[in-house]
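Taking it in order: structure first as structure tokens, then the write-up.
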Amino acid sequence: TFSARDRILFRTDLDLTYDTSREALARIRDEIEALLRAHPNTWPDVVRVNITAFTASAIRVNILMWVHTTDF
């Protein structure tokens, strides 16, 4: 709908190479989530950073969060 909103969904994928170690992958995931949660415009209820796929060329990390703003 096009009604007034108090937040906007941000969703993107980050592809990491297969030579990324398991430890580095966990650290990257955790640090992205921590950075997003620390930002003052992040809606605190929903911040997700998950490994969602193993593609032909990369490990896919999906990032989903709500941004507290009404301006696209």
Side-chain angles (χ1 to χ4, degrees):
T1 66
F2 292 102
S3 62
R5 300 174 183 215
D6 58 352
R7 58 190 163 203
I8 297 172
L9 180 65
F10 173 81
R11 180 175 30 199
T12 192
D13 290 322
L14 175 67
D15 287 348
L16 302 173
T17 62
Y18 275 110
D19 63 348
T20 305
S21 70
R22 179 182 294 201
E23 294 79 15
L25 186 58
R27 187 175 66 250
I28 291 166
R29 182 198 62 216
D30 294 345
E31 288 182 11
I32 290 171
E33 184 172 343
L35 284 169
L36 294 175
R37 288 191 181 278
H39 194 281
N41 287 342
T42 297
W43 196 267
D45 297 342
V46 179
V47 175
R48 295 186 185 128
V49 181
N50 297 309
I51 299 164
T52 57
F54 295 93
T55 69
S57 61
I59 302 167
R60 180 151 298 152
V61 179
N62 180 260
I63 302 167
L64 181 138
M65 64 176 282
W66 289 93
V67 179
H68 185 69
T69 185
T70 57
D71 183 14
F72 279 98

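Nothing fancy with the numbering, it's 1 onward along the sequence.
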- Arg48 atom CZ, over 12 foreign heavy atoms within 6.0 Å: no
- Task: State which residue, out of Thr52, Asp15, Asn50, fulfils the side chain to side chain donor-acceptor pair (under 3.5 Å) condition with Arg60.
- Result: Asp15
- Task: Can you measure from CG (Leu35) to CG (Asp30) and round to the nearest 0.5 angstrom?
- Result: 11.0 Å
- Cluster membership besides Ile59, Ile/Leu/Val/Met/Phe/Trp/Tyr side chains within less than 4.5 angstrom, sorted by chain and number, is Phe10, Leu14, Leu16, Tyr18, Leu25, Ile28, Ile32, Leu36, Val47, Val49, Ile51, Phe54, Val61, Ile63, Met65, Val67
- Query: Got a donor-acceptor contact below 3.5 angstrom from the Arg37 side chain to the Pro44 backbone?
  - Reply: yes
- Item | Thr42 side, atom OG1; Trp66 side, atom CH2 - distance, nearest 0.5 Å | 13.0 Å
